[in-house]
Amino acid sequence: MDSYEKFIEKVEDALSLADEKKELNIFLSLEKEKIRSSAEKITDAMKSGTAGMLAGKTVAIKDAIITKGTVTTAGSQILKDFIPPYDATVVERLMANDALLFGKTNMDEFAMGSSNENSSFGPVKNPLNPEYVPGGSSGGSAAAVAAGIVDMALGSDTGGSIRLPAAFCGVVGMKPTYGRVSRYGLIAFASSLDQIGPIANSVSDVALLLKAIAGHDKCDSTSSTEEVPDYPNLLDNDVKGLKIGLPKEYYGEGCDKEILDRVRELTESLRSKGAEIIEVSLPHTEYSIATYYIIATAEASSNLERYDGMRYGFRADGNELSEVYSQSRSKGFGEEVKRRIMLGTYVLSAGYYDAYYKKAQQVRRLIRDDFITAFKEVDLLLAPTSPTTPFKLGDKMDDPLAMYLVDIYTTSLNLAGLPGISIPVGNSSEGLPIGLQLIGKPFEETELLRAAARVEELVPS
Ligand code: GLN
């Protein structure tokens with residue numbers, strides 16, 4: 001059979017599998033006919049020998065990334081009928097490289113959450129065990145890959161939202177350096193922290209997807225002009241002489257012992273292959289959650305101001321304009337989003353700005369400085385992705401603080417703008433996946449991917 005016939009068959013199988021796994025609640029939209037006709041077009045390109053680097057690959061898109069003509073909700077009722085008039089830059093780049101866009105994936109509302117239970121369209125269930133959460137907020141994207149429906153997916157990561165669901169679903173997920181990937185067309189949560197990134201079953205597919213989406217975009221002034229390396233072809237290199245730092249604050253209390261044991265085991269294997277393992281300190285780690293939840297909520301309260309029932313999505317009735325505004329927001333936003341808007345508005349308010357927002361910005365600098373100091377000594381850092389394995393649906397819903405703490409090892413990277421990748425490294429005794437996180441220097445995604453590929457080789461598949 002020719003490769004394009006195989007491709008059409010693969011797409012049909014994926015559509016059937018998506019139907020079979022409907023109860024996992026992965027997709028918010030799946031336009032079957034559009035997918036079929038895009039697949040035909042891609043096969044035409046394959047036949048004529050003009051196909052791009054992602055031809056033959058199916059890619060699911062987090063519903064925070066806008067797609068022209070396809071409803072894009074960001075997991076929120078307030079956008080439930082929103083049809084964007086243009087494509088996000090990453091979507092344009094996927095299409096230019098002949099990827100098959102395969103559905104929009106469920107997520108925590110406006111990407112606020114760690115378990116996907118904050119989606120206003122119902123939670124995603126973990127494909128490895130549907131009693132458990134898939135992690136959030138890009139849970140639908142990670143689950144689509146883990147369920148075997150798509151080859152790859154795009155997520156977004158503001159404080160861990162790619163790496164955490166990747167860890168919880170047993171797949172690979174990367175948050176690139178801030179500015180590596182254009183945010184144009186990403187529905188904003190916290191603009192100084194948000195970054196789009198790839199999720200896939202292997203490090204090499206993550207590298208391929210990153211190559212396709214990375215690079216400067218004139219529509220996003222924060223996107224970097226730094227050249228995009230040929231990531232997928234730069235993955236060979238051994239770890240001999242690589243200096244790997246273990247941040248001691250990431251190995252303390254509060255992390256499951258099984259996760260620590262597994263991460264340590266792999267560290268020993270890397271050492272035996274010639275890597276130099278060095279303990280380092282990131283002393284301001286304990287402030288990262290508090291700092292993140294001040295800065296992220298402040299930015300969110302400002303970004304979400306635009307949803308007033310006038311320009312986008314849902315509009316409630318009201319006797320006067322102010323009532324339309326307030327009713328649209330009261331009915332359109334879910335509980336967690338309202339909590340964040342209130343927190344953010346509070347920390348930015350006149351009497352509290354200095355005590356909270358300004359202070360958080362100062363601490364953010366200290367957190368970044370910790371990394372700069374550590375990176376004088378080591379090439380990259382290695383730690384768990386999350387302090388726990390996936391938890392059961394409903395387990396943390398009554399305790400927002402417990403939910404926030406799940407991001408203890410991920411938020412610092414966003415505050416510092418650094419790249420990080422989560423690699424699946426085996427299962428706990430309960431059969432739940434464990435993720436190992438590597439953290440790199442700014443724009444050193446190549447080094448990060450190489451090391452991730454070495455870790456991947458150490459894990460029996
Ligand atoms: N869980 C974190 C939050 O709720 C991070 C979310 C994200 O990265 N989008 O804000």
Side-chain angles (χ1 to χ4, degrees), residues 62-65 73-76 105-120 123-124 133-142 153-169 173-176 178 181 183 186-199 288-301 303-304 333-344 347 360 364 385-388 390-391 395-397 399-422 435 437:
K62 184 178 186 179
D63 210 25
I65 298 171
T73 67
S76 181
T105 57
N106 199 350
M107 56 182 281
D108 286 299
E109 186 174 2
F110 285 103
M112 297 171 185
S114 305
S115 68
N116 241 277
E117 293 164 292
N118 294 335
S119 166
S120 77
V124 176
V133 301
S137 65
S138 314
S141 286
L154 288 184
S156 66
D157 191 312
T158 305
S161 276
I162 289 175
R163 291 160 287 155
L164 185 73
F168 277 16
C169 290
M174 180 187 228
K175 177 204 117 50
Y178 185 78
V181 177
R183 289 180 294 113
L186 170 67
I187 294 177
F189 163 10
S191 308
S192 76
L193 303 162
D194 297 340
Q195 191 62 194
I196 295 173
I199 300 174
S288 65
I289 291 282
T291 307
Y292 169 82
Y293 276 94
I294 291 172
I295 292 172
T297 56
E299 293 185 17
S301 76
N303 273 326
L304 270 57
F333 288 138
E335 209 175 298
E336 181 62 25
V337 175
K338 288 181 197 161
R339 181 180 295 126
R340 305 272 179 124
I341 292 173
M342 283 191 278
L343 281 169
V347 299
R364 178 180 195 171
T385 305
S386 149
T388 70
F391 39 91
D395 260 13
K396 292 192 197 283
M397 278 310 267
D399 188 350
L401 208 54
M403 190 72 94
Y404 295 173
L405 284 169
V406 177
D407 294 310
I408 183 87
Y409 306 140
T410 50
T411 49
S412 305
L413 278 71
N414 301 72
L415 291 166
L418 302 173
I421 187 166
S422 178
Q437 179 176 219

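None of these values were measured; they are calculated from a predicted model. In each ligand, atom 1 is the first atom listed, and ligand 1 is the first ligand listed.
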Note: T158, heavy atoms under 4.0 Å from ligand 1, region reported as both

Region of S137 engaging ligand 1 - heavy atom pairs below 4.0 Å: side chain

Please test K338 against E335 for salt bridge (charged side-chain N to carboxylate O under 4.0 Å, His left out), starting from the C-alpha separation and ending with a verdict. CA-CA 5 Å; K338 288 181 197 161; E335 209 175 298; over 6 Å; no

Have a look at ligand 1 and work out which part of Y293, if any, has a heavy atom under 4.0 Å from it: side chain, backbone, both or neither. side chain

Contact between ligand 1 and G113 is defined here as a heavy atom of the residue under 4.0 Å from a ligand atom; is it met? yes

Residue selection (non-hydrogen contact nearest atom 4 (O) of ligand 1) among R340, K175, Q195: R340

Flag S156 as yes when one of its N or O atoms lies below 3.5 Å from any N or O atom of ligand 1, and as no otherwise. no

Work out which heavy atom in S138 is nearest to a heavy atom in S161; give both atom names and the distance. OG-O, 2.8 Å

Under 4.0 Å, heavy-atom basis, I'd like to know which part of E336 is in contact with ligand 1: side chain, backbone, both or neither. neither

Check ligand 1 against G159 and write out every atom of the ligand that is under 4.0 Å from a heavy-atom position of the residue. 5 (C), 7 (C), 8 (O)

Y292 heavy atom under 4.0 Å from ligand 1: yes

Test of proximity, A111 against ligand 1: N or O pairs below 3.5 Å: yes

With heavy-atom distances below 4.0 Å as the criterion, list the atoms of ligand 1 near M112. 4 (O)

Report yes if some N/O of K62 lies less than 3.5 Å from some N/O of ligand 1; otherwise report no. no

